[in-house]
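Residue numbers start from 1 in every chain, and the chains themselves are labelled A, B, ... in the order their sequence lines are given, proteins ahead of strands. This one's a predicted model, so the numbers in the text were calculated from it and none came from an experiment.
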Amino acid sequence: MSLPAASFYVTTPIYYVNDFPHIGHSYTTIAADVLARYHRLRGADVHFLTGTDEHGVKIYRAAQASGETPIQLADRVVERSKLLWQRLEITNDDFIRTTQQRHQRVVQLVFQKLHAAGALWLGDYSGWYCASCEKFLAENDLTEGCCPDCGTKAEMAAEKTYFFKMSAYRERLLKFLDENPGFVRPQARFNEVYSRVKDGLNDLSATRTSLEWAVPLPFDPAHRAYVWIDALTNYISALGYPDGELYRKYWPADVQLIGKDILWFHAVIWPCLLMALDLPLPRTLFAHGWWTNRGEKMSKSKANFVDPVAVTEKYGVDAYRYFLLREMPFGQDGDFSETALVRRVNNDLANDLGNLLHRTLTMIEKYSGGAVPAPAEADASAQALRALAAETVAEVDSQIADVQFSRALEAVWHLVGVANRYVETSKPWVLASAETRRAELDTVLYSLTEVLRIVSLLLYPFMPTKAAAMRSQLSLGPPEPPLDERAQWGRFKPGTSIAKGKPLFPKIEE
RNA sequence: GGCGGCGUAGCUCAGUGGUUAGAGCAGAGGAAUCAUAAUCCUCGUGUCCGGGGUUCGAAUCCCUGCGCCGCUACCA
């Protein structure tokens, strides 16, 4: 698989403002950031969108409960979210809020278009209703026939609603899935979606008359947009659909990252909506898994959500970013624990990588007067190292194209491991004691420098601060595109004095 | 219940017909000294969940039993 070079549009879901972001939100957003940074480094024209979903009964009620207006509540959460993204070095190009004018306008336009295209019909929505909470409940959520929130017995009720004719798009969607088996990833999620679509699609209740905190329909103000169409539209409203320059440039999205809980909405409702609007579908939808906290599911009742701020204050932002993307394959579930994080930091970051940098720089100081020597002719092991570096660059590129962060990092660490072994086998300290072996020594030191330089490029999207620090110890500036040129072997200028600093990743004492 | 997936070293997993089944981590021993006591090397007789079958040959395909997990639509 090869990566598109020209433009790259990546999105996260818009996060619901009923709560502050926790590890799960940060996971999706960091993953999107790595993709964005990587593609920028490749030289692509990148657009990275994240944002917040701010409508709905829950927000309305939460605001009432805390004695503020819904928008005040949303503002509060948005403010804190933005601080977190800043802290985590997230480089989103835009931040969409569903309460913004630019978004609501497009939602109304979308409804108008659906209406005009005959994709909406007015009918009755019926379902379990809690009279006390004044809201409809999903059958699954009922606890012994009662409202899970207040315990009132739920009753069947009906209200007028506009249905989106989703069933009409089933054949087209199936055909699209047949032709695009990589549309939903990982594969297991694709299969789930496929078989459910095959089983049949129902029309979707798309509006509510009882909702107050939502976008009103232009052609029937008694109705307001119910969650899905409002929320999903963010991916194009943020681009200024239908006439915006950004829209023309970036749609369809290259990668839309989502949690597995919202797979159905993105893999079925979203494509159907786009088809109804005659718009191209996104290229890849990637549903990632959940983190548990030391083996336990995170939940409100247990109040055991991992707080990104606390973790990054203690261990650093880059260590956190590295851990999340290295510890579990993207798409699977995994477990978060400080023990596991510390192990990753000490083994991978401090011992393998940090120490390789440090020992290399020390040897350059001791054996070469602090300047990286020009390499002499490469022997077999130096050639092998050089070849592996090139393979690693290609491998990382291919794994990122596949949205497989952990595999990309594994490839980098394989190179780091081979470089550490190269130090052992070439024994620079022996070479340094024999005047006649100067040429060999120079080649070793230069080769190690090149490995480190290339590694710093490849790691930059994952650990921007540490990669930059690593580069500055090598007297290099921040990485610049295009990656495929910069990552070529031999670009480090011999004679450059290095600027060895403190260990990049101090070991964490347990 | 239906559909799908999984069950491989202490742990997390890779391996989908073919020589003595692998990696990382954890554990034991050793080498070396450039280094953040970092690094490197060596060490696994594992019922590849059980049973049956196909095949010259199966962890790998088929059937079956057991166990675990996901999805089963209006929960961002």
Side-chain ion pair, Asp402(A) and Arg407(A), N-O less than 4.0 Å: no
### Query
Salt bridge or not for Arg76(A) and Glu54(A), using N-O below 4.0 Å?
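No.
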> If you look at every strand shown and take non-hydrogen atoms under 4.0 Å, does Leu504(A) touch a base, only sugar-phosphate, or nothing?
Replying inline: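 Counting heavy atoms under 4.0 Å across all strands, the contact made by Leu504(A) includes a base.
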Nearest-Å distance for atom pair [atom1]/[atom2], residues [X] and [N]:
{"X": "Trp429(A)", "N": "A35(B)", "atom1": "CH2", "atom2": "P", "value": "10 Å"}
{"X": "Tyr27(A)", "N": "A76(B)", "atom1": "OH", "atom2": "C1'", "value": "18 Å"}
{"X": "Arg343(A)", "N": "C11(B)", "atom1": "CZ", "atom2": "P", "value": "13 Å"}
{"X": "Arg208(A)", "N": "C75(B)", "atom1": "CZ", "atom2": "P", "value": "7 Å"}
{"X": "Trp413(A)", "N": "A38(B)", "atom1": "CH2", "atom2": "P", "value": "17 Å"}
{"X": "Gln187(A)", "N": "C3(B)", "atom1": "CD", "atom2": "C1'", "value": "15 Å"}
{"X": "His266(A)", "N": "C71(B)", "atom1": "NE2", "atom2": "C1'", "value": "18 Å"}
{"X": "Asp333(A)", "N": "C6(B)", "atom1": "CG", "atom2": "C1'", "value": "13 Å"}

Ranking Val430(A) and Arg344(A) by the position along RNA chain B of their nearest nucleotide, the one closer to 5' is Arg344(A)
Notebook entry, point to check: If you find the nucleotide of RNA chain B closest to Asp261(A) and the one closest to Asn191(A), which residue's nucleotide is nearer the 5' end?
Noted result: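 With Asp261(A) and Asn191(A) compared, the 5'-side residue is Asn191(A).
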Say you pick atom [atom1] in [N] and the same atom in [M]; how far apart are they, in whole Å?
{"N": "C3(B)", "M": "U19(B)", "atom1": "C1'", "value": "40 Å"}
{"N": "C41(B)", "M": "A26(B)", "atom1": "P", "value": "15 Å"}
{"N": "U20(B)", "M": "G57(B)", "atom1": "P", "value": "15 Å"}
{"N": "C25(B)", "M": "C49(B)", "atom1": "P", "value": "25 Å"}
{"N": "C48(B)", "M": "G7(B)", "atom1": "C1'", "value": "10 Å"}
{"N": "C74(B)", "M": "G65(B)", "atom1": "C1'", "value": "39 Å"}
{"N": "A23(B)", "M": "A32(B)", "atom1": "C1'", "value": "25 Å"}
{"N": "U16(B)", "M": "A59(B)", "atom1": "C1'", "value": "9 Å"}

Which nucleotide, if any, forms a Watson-Crick or G-U wobble pair with [N], using both distances under 3.5 Å?
{"N": "G1(B)", "value": "U72(B)"}
{"N": "G50(B)", "value": "U64(B)"}
{"N": "G57(B)", "value": "none"}
{"N": "U36(B)", "value": "none"}
{"N": "A28(B)", "value": "U42(B)"}
{"N": "U12(B)", "value": "A23(B)"}

Looking at Gly501(A), is its backbone amide N or carbonyl O close enough to the side chain of Gln473(A) to form a donor-acceptor pair, meaning the two atoms are under 3.5 Å apart?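 Checked: pair present.
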**Exam field: side chain Asp203(A) to backbone Met166(A), donor-acceptor pair closer than 3.5 Å** = yes
Using a 4.5 Å cut-off on heavy atoms from C-beta on, say whether the side chain of Lys165(A) contacts that of Leu114(A).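 A side-chain contact is absent here, since even the closest heavy-atom pair is not under 4.5 Å.
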Margin query: I'd like to check Val342(A) versus Asn346(A) (side-chain heavy atoms, cut-off strictly below 4.5 Å). Are they in contact?
Written below: yes
Would you say a side-chain N or O of [X] is under 4.0 Å from OP1 or OP2 of [N]?
{"X": "Tyr125(A)", "N": "C74(B)", "result": "no"}
{"X": "Lys427(A)", "N": "C40(B)", "result": "no"}
{"X": "Asn351(A)", "N": "U39(B)", "result": "yes"}
{"X": "Tyr226(A)", "N": "C75(B)", "result": "yes"}
{"X": "Arg196(A)", "N": "C71(B)", "result": "no"}

Discussion item. Checking salt bridge (Lys or Arg N to Asp or Glu O under 4.0 Å) between Arg97(A) and each of Asp75(A), Asp53(A), Asp230(A), which is the one that passes?
Written reply: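 In the set Asp75(A), Asp53(A), Asp230(A), the residue that makes a salt bridge (Lys or Arg N to Asp or Glu O under 4.0 Å) with Arg97(A) is Asp75(A).
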With a 3.5 Å cut-off and just heavy-atom distances, do the side chain of Asn355(A) and the base of A35(B) make a donor-acceptor pair? yes
- Task: Identify which nucleotide among C74(B), A76(B), C3(B) has an atom closest to any side-chain atom of Ser195(A), counting heavy atoms from C-beta outward.
- Result: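 My answer, after comparing the listed nucleotides, is C3(B).
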